[in-house]
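A short worksheet on the structure shown next.
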Amino acid sequence: MPELPEVEVVRRGLERWVSGRTVEDVDVLHPRAVRRHIAGGPDFAARLRGLRFGTAMRRGKYLWIPLDEVSASLLGHLGMSGQLLVQPSEAPDEKHLRIRVRFADDLGTELRFVDQRTFGGLSLHDNTPDGVPDVIAHIARDPLDPAFDDAAFHTALRLRRTTVKRALLDQSLISGVGNIYADEALWRSRLHYERPTATLARPRTAELLGHVRDVMREALAQGGTSFDSLYVNVNGQSGYFDRSLDAYGREDEPCHRCGTPMRRRPWMNRSSYYCPRCQRPPRPA
């Protein structure tokens, strides 16, 4: 599942290549790609025609393009394998092309939504007064958002009575952090994934947030993390941060800090990677 850095890379590509362009036509080639648009594919296409794309936005793992002249946005979720690609209009269709957006200009490119597993999709939604699609208004701000409130996050963390990795993946507390970057930030913080949040003092929370931000900024600088061909930016290029990972995917490899073999444990239908020496498990209550 793409996390904040991957989605931000795509957002920047959309801002560069499609913001400010007017939609001429839309082809919905698979109904599941617009299943979150309750009125269906024909309505989705009809409502988009003639509208001008504003500047692409993002909150956590969701991205959206505000539509000029209406209080609504085109909301995208990449799911497990979704790709938003800007392709030459004459380029052959991708095998799993689901939606095509053509523009009323002579730039010679179009926006394509490609999704092998069809878990992602595009949909149209009304905006809140803050300009956020109403269906994602409940999602917390992400740690790279200038308006993210560190003090409020710490207070909520202490009150939530959960464990630290569960909290990092809770989109109502903090958005955009997924399994990969949670493991990376926890390794840098020397925190075990099962550490109770109630035991974190304010300086410890501040340190953890600092590492979350550092990991995400470093991943952004390298175009995100790609473990297969399914995550790419709008130009079809993969990210390279997987070559810089300290924890995720490194089972039995030496810890980059102390040399102890890294461990992997099943966790909530996922895996957690950690160093048993640097990230000691919490003592039983």
Side-chain angles (χ1 to χ4, degrees), residues 2 4 6-79 82-91 93-94 97-115 120-137 139 141-142 144-147 175-176 232-237:
L4 185 156
E6 289 76 39
V7 177
E8 174 61 15
V9 167
V10 175
R11 188 205 67 78
R12 292 178 181 181
L14 293 174
E15 180 178 23
R16 178 178 179 183
W17 297 108
V18 306
S19 292
R21 301 176 72 179
T22 299
V23 177
E24 181 178 60
D25 201 9
V26 179
D27 297 325
V28 176
L29 306 174
H30 196 295
R32 278 186 55 82
V34 292
R35 66 188 179 280
R36 295 178 180 88
H37 186 82
I38 305 302
D43 179 83
F44 175 84
R47 288 181 59 189
L48 267 183
R49 290 188 191 102
L51 294 180
R52 184 173 180 267
F53 282 172
T55 300
M57 309 289 286
R58 178 193 54 73
R59 176 170 289 186
K61 304 174 188 179
Y62 287 88
L63 55 85
W64 69 93
I65 302 175
L67 302 170
D68 290 355
E69 302 175 358
V70 294
S71 182
S73 292
L74 174 64
L75 178 66
H77 194 281
L78 301 181
Q83 301 171 352
L84 281 165
L85 304 176
V86 178
Q87 296 281 52
S89 302
E90 68 274 9
D93 288 355
E94 293 78 6
L97 177 62
R98 308 305 187 193
I99 300 173
R100 183 201 322 275
V101 179
R102 297 186 178 93
F103 297 102
D105 53 44
D106 57 2
L107 296 181
T109 58
E110 59 188 30
L111 178 64
R112 299 179 180 182
F113 181 69
V114 178
D115 193 358
L122 304 180
S123 50
L124 294 173
H125 299 278
D126 293 334
N127 292 339
T128 67
D130 294 331
V132 178
D134 54 12
V135 294
I136 62 168
I139 294 177
R141 294 184 183 273
D142 65 66
L144 298 186
D145 189 324
S175 66
V232 294
N233 65 16
V234 296
N235 296 314
Q237 299 166 325

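The first residue in the sequence is number 1, and the count goes up from there.
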Spacing of [atom1] belonging to [X] relative to [atom2] belonging to [Y], to within rounding of 0.5 Å:
X	Y	atom1	atom2	result
R112	D93	CZ	CG	5.0 Å
L85	L14	CG	CG	10.0 Å
E6	L63	CD	CG	12.0 Å
E110	R102	CD	CZ	6.0 Å
L67	N127	CG	CG	8.0 Å
L111	I65	CG	CD1	6.5 Å

Criterion side chain to side chain donor-acceptor pair (under 3.5 Å) on Q83 and E94, from CA distance to verdict: CA-CA 11 Å; Q83 301 171 352; E94 293 78 6; over 6 Å; no

Counterpart residues, side-chain hydrogen bond (donor to acceptor under 3.5 Å, both in side chains), relative to S175 (two or more places apart): none

So which atom in [X] and which in [Y] form the shortest heavy-atom distance, rounded to 0.1 Å?
X	Y	value
F53	L74	CZ-CD2, 3.9 Å
S73	W64	OG-CD1, 3.4 Å
D145	R141	OD2-NH1, 2.9 Å
F113	G121	CZ-N, 3.4 Å
T128	A137	CG2-CB, 3.9 Å
A56	E15	CB-N, 4.0 Å

Qualifying salt bridge (charged side-chain N to carboxylate O under 4.0 Å, His left out) pairs with a residue from residues 49-59, counting only residues at least two apart or across chains: E8-R58, D25-R49, R52-D68, R58-D142

Check whether any side-chain heavy atom of [X] lies under 4.5 Å from a side-chain heavy atom of [Y], and answer yes or no.
X	Y	value
W17	L107	no
R21	T109	yes
L84	L122	yes

Side-chain (R98) to main-chain (D115) donor-acceptor, under 3.5 angstrom: yes

F44 and its ring-ring contact (aromatic ring centres under 6.0 Å, His included) partner, picked from H37, H30, H125: H37

